[in-house]
Amino acid sequence: MKPASTMHAAPFPAATLAHGRPYLAIPGPSVMPDRVLRAMHRAAPNIYEGELHDKVATIWPRLRAVARTSQHCAIYIGNGHAAWEAANANLFSRGDKALVLAVGRFGIGWSESARAMGVDVEVLDFGKSSPVDLARIEAALRADSAHKIKAVLATQVDTSSSIKTNVQALRAVLDAVGHPALLAIDCIASLGCDEYRMDDWGVDLTVAASQKGLMTPPGLGFLWFSDKARERCRGNDLRTPYWDWEPRAFGTEFWQFFCGTAPTHHLYGLDEALTMLDEERLENVWARHRALAGAVWAAFDTWHSGNPNIAMNVAKASDRGWSVTAARIGGNDATRLRQWCEQQAGVTLGIGLGMAMPGDPAWHGFLRVAHMGHVSAHMTLGVLGVMETGMQALGIAHGEGGVLAATRALSAR
Ligand SMILES: *Cc1c(COP(=O)(O)O)cnc(C)c1O
């Protein structure tokens with residue numbers, strides 16, 4: 001028995017409101033549903049035959065359905081950065097040309113990965129707050145009369161800026177110019193959140209990863225590719241056995257799908273996540289994300305009305321993604337607010353990735369709110385309520401009634 005005087009040698013922690021289930025409102029990894037976690041909690045399965053094989057056979061058609069394609073799908077063990085490299089390895093030979101459309105950190109990231117692999121990359125950079133300019137894209141395609149550009153790479157939603165690119169409009173520009181380049185879209189932050197229809201929209205390659213709208217821990221990357229892309233890209237010399245999509249999509253032996261040991265537990269988790277998306281129906285999943293995004297935007301509009309320093313990054317709602325909202329709070333208030341929300345209320349908000357660099361004082365003025373994946377009205381309203389509470393507690397000026405505006409947006413939907 002310790003003497004009473006030493007029993008609380010560590011300082012007695014101050015009371016906070018952070019105890020209870022924490023909520024990670026960052027744009028990936030997103031909230032893992034308990035059902036997904038439970039599906040993964042099992043002994044290692046046999047990878048040569050049996051249940052896992054049967055399960056994977058049902059995963060392919062459902063994965064294709066999530067991207068709204070009837071074409072081809074390859075699964076990689078890797079995160080989104082790995083999926084970019086998989087895309088590059090299959091799309092290009094050394095020295096081939098890519099046109100990359102950048103509206104934030106992730107477009108730039110994909111371009112860097114392609115360049116490092118030996119692709120001749122031209123970047124059209126539209127900055128961090130406005131959507132792509134279709135006229136500039138059209139001019140770049142027209143200037144390429146020799147059709148050297150083999151593929152146009154773009155993000156549907158750039159998670160750093162939350163800017164959405166209108167994929168159908170991109171397709172229309174390619175068609176209007178009569179340019180044969182393949183259209184490749186990074187949907188890592190938007191698949192299973194924002195409306196996306198690969199085949200109807202004439203997309204040749206879709207890239208995604210498991211840990212955002214697909215509600216599964218980070219570790220799986222996906223490519224969906226068209227017949228046209230498959231034919232056009234045969235024999236590309238950037239392909240190595242691991243990244244080649246052919247055996248992964250058309251293998252006859254189970255091990256070929258994963259180029260070795262299958263990502264066993266991730267597949268169980270993914271199977272459950274796809275079941276959840278099927279139960280809700282994808283159209284309803286999109287509608288839920290759109291509604292919750294609208295609630296977040298309504299709150300920001302109200303906060304902005306009392307403090308011009310608080311502002312969403314993207315001015316027009318139609319240019320904003322439905323899964324994440326990037327915003328400026330000003331000064332170092334974004335960092336103060338993030339810290340308050342996490343330490344005092346159990347909500348972790350996203351850093352302002354790519355809007356400023358760490359070390360730059362402006363870094364502390366930006367944050368992101370995720371409304372991505374396994375997220376309900378009570379979760380999003382909770383985040384907004386906590387943010388408003390934090391602004392009050394920290395004395396950050398803001399228009400009052402952000403949460404009220406959010407409830408009106410949701411009740412009027
Ligand atoms: C998250 C993300 C990536 C990177 O994915 P990682 O799994 O972190 O490598 C790429 N592009 C977009 C649009 C993303 O949201």
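Indexing begins at 1, ligand by ligand and atom by atom, following the structure's order.
No hydrogens or angles considered: nothing links the side chains of Asn313 and Ser161 as a donor-acceptor pair under 3.5 Å. At a cut-off of 3.5 Å, with distance as the only test, no side-chain donor of His53 or Asn46 sits close to an acceptor on the other residue. Between the side chains of Asp204 and Ser226, at least one donor-acceptor pair of N or O atoms lies under 3.5 Å.
For residues 346-372, every residue pair satisfying the side-chain hydrogen bond (donor to acceptor under 3.5 Å, both in side chains) rule, not counting sequence neighbours, is listed here: Thr325-His371, Thr335-His364, Glu342-Thr348.
In this view, Arg230 and Glu246 satisfy the salt bridge (charged side-chain N to carboxylate O under 4.0 Å, His left out) rule, not counting sequence neighbours. Listed by chain and number, the residues in a side chain to side chain donor-acceptor pair (under 3.5 Å) with Arg105 are Glu112 (sequence neighbours excluded).
For ligand 1, residues of the protein lying within 4.0 angstrom by heavy-atom distance are Asn79, Gly80, His81, Trp84, Phe106, Val157, Thr159, Asp186, Ile188, Ala189, Gln211, Lys212.
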